[in-house]
Amino acid sequence: GIFNQNSYFFVINNPDNIVPSYMSNLKINVLDGSAQTIQIVFNGKSPSKASDVVNTIASEFQKYDVEFKGESAYKILKYIDEQLKDTYDTLNALENKITNFKRENGLDTLNISTPSSAITKIGEIENQIDKLEYDYKYLDEIERNLVGNLDMDIYKLLGIISGSEY
């Protein structure tokens with residue numbers, strides 16, 4: 001007949017038909033979530049077939065884990081890049097605001113780079129204020145002398161301006 005002793009034949013099974021029978025013989029358990037270990041058990045009549053099923057599933061888990069970690073690392077790097085860009089944009093905007101504020105308030109010509117140079121600059125400004133206050137008082141005194149005495153002698157006026165009586 002068709003099947004003699006030296007003949008071989010094989011059957012191609014439809015995966016939709018055999019998957020339920022494989023699933024009923026397969027158990028996968030998480031042994032330790034923090035250590036990321038699983039247990040794969042497959043019961044079957046052929047030890048080599050059971051070994052192939054278990055090894056294939058383990059290999060697929062490893063591929064999935066590598067893909068998942070790669071995708072996770074990509075997402076983390078993308079998030080960090082976005083945060084760096086946002087931080088850079090914020091710092092750039094703040095720097096522009098500070099520059100504009102300094103320019104609008106005449107502070108851009110102070111050349112202050114360190115706290116000690118700022119203290120020195122403040123001292124210089126205070127000295128200028130003191131000099132201006134002295135000059136104001138001096139000019140105010142000259143004005144008082146002139147207002148009441150329009151026919152003042154020019155030499156006396158020069159003496160007041162120079163700070164000595166003539």
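Not measured: the values here are computed from a predicted model. Any value given below was found using the heavy atoms of this structure, including those in side chains, with hydrogens, waters and symmetry copies removed.
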Asker: Supply the atom-to-atom distance D135 CG to D140 CG, rounded to the nearest 0.5 angstrom.
Answerer: 12.0 Å
Asker: Are I18 and N14 side-chain neighbours, meaning at least one heavy-atom pair lies under 4.5 Å?
Answerer: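 Side chain of I18 against side chain of N14, heavy atoms only: no contact under 4.5 Å found.
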Asker: Which one of K102, K97, R103 satisfies the side chain to side chain contact (heavy atoms under 4.5 Å, CB included) criterion with T99?
Answerer: R103
Asker: Counting C-beta onward and ignoring hydrogens, is there a side-chain heavy-atom pair between I38 and N29 closer than 4.5 Å?
Answerer: no
Asker: Using the rule that Ile, Leu, Val, Met, Phe, Trp and Tyr join whenever any side-chain heavy atoms are under 4.5 Å apart, tell me whether V30 and L26 fall into a single cluster.
Answerer: yes
Asker: Can you measure from CG (N13) to OH (Y22) and round to the nearest 0.5 angstrom?
Answerer: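 One gets 7.5 Å once the value is rounded to the nearest 0.5 Å.
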Asker: Between CD of E95 and CG of L91, what distance do you get to the nearest 0.5 Å?
Answerer: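 So the CD of E95 and the CG of L91 are separated by 8.5 Å.
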Asker: Hey, can you pull the donor-acceptor pairs under 3.5 Å for the side chains in residues 68-76, sequence neighbours left out?
Answerer:
{"residue": "K69", "atom": "NZ", "partner": "D65", "partner atom": "OD2", "Å": "3.2"}
{"residue": "E71", "atom": "OE2", "partner": "K75", "partner atom": "NZ", "Å": "3.3"}

Asker: Using the rule that two of Ile, Leu, Val, Met, Phe, Trp, Tyr join whenever any of their side-chain heavy atoms come within less than 4.5 Å, decide whether V19 and I40 are in one cluster.
Answerer: yes
Asker: Just verifying a value: how many Å separate I125 CD1 and T120 OG1, rounded to the nearest 0.5 Å?
Answerer: 11.0 Å
Asker: Please report the interatomic distance CD(E67) to CD(E60), rounded to the nearest 0.5 Å.
Answerer: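 Going from the CD atom of E67 to the CD atom of E60 covers 8.5 Å.
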Asker: State the OG1-CG distance between T37 and D32, to the nearest 0.5 angstrom.
Answerer: 4.5 Å
Asker: Applying a strict under-4.5 Å side-chain criterion to I, L, V, M, F, W and Y, I'd like to know whether M23 and F42 cluster together.
Answerer: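 Yes, M23 and F42 fall within the same hydrophobic cluster.
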Asker: So do Q62 and V66 actually touch side chain to side chain, heavy atoms under 4.5 Å?
Answerer: no
Asker: Strictly distance-based, threshold 3.5 Å: is any side-chain N or O of T56 a donor or acceptor partner for the main-chain N or O of D52?
Answerer: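 At least one qualifying donor-acceptor pair exists.
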Asker: Passes salt bridge (Lys or Arg N to Asp or Glu O under 4.0 Å), E82 versus K85? Steps please.
Answerer: CA-CA 5 Å; E82 289 170 358; K85 183 188 178 310; over 6 Å; no
Asker: For the backbone of P47 and the side chain of S51, can you confirm whether one donor and one acceptor N or O come within less than 3.5 Å of each other?
Answerer: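 Side chain of S51 to backbone of P47, a donor-acceptor pair under 3.5 Å: no, none is there.
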Asker: Do F61 and V54 belong to the same hydrophobic cluster, where Ile, Leu, Val, Met, Phe, Trp and Tyr are linked whenever their side-chain heavy atoms lie under 4.5 Å apart, directly or via other members?
Answerer: yes
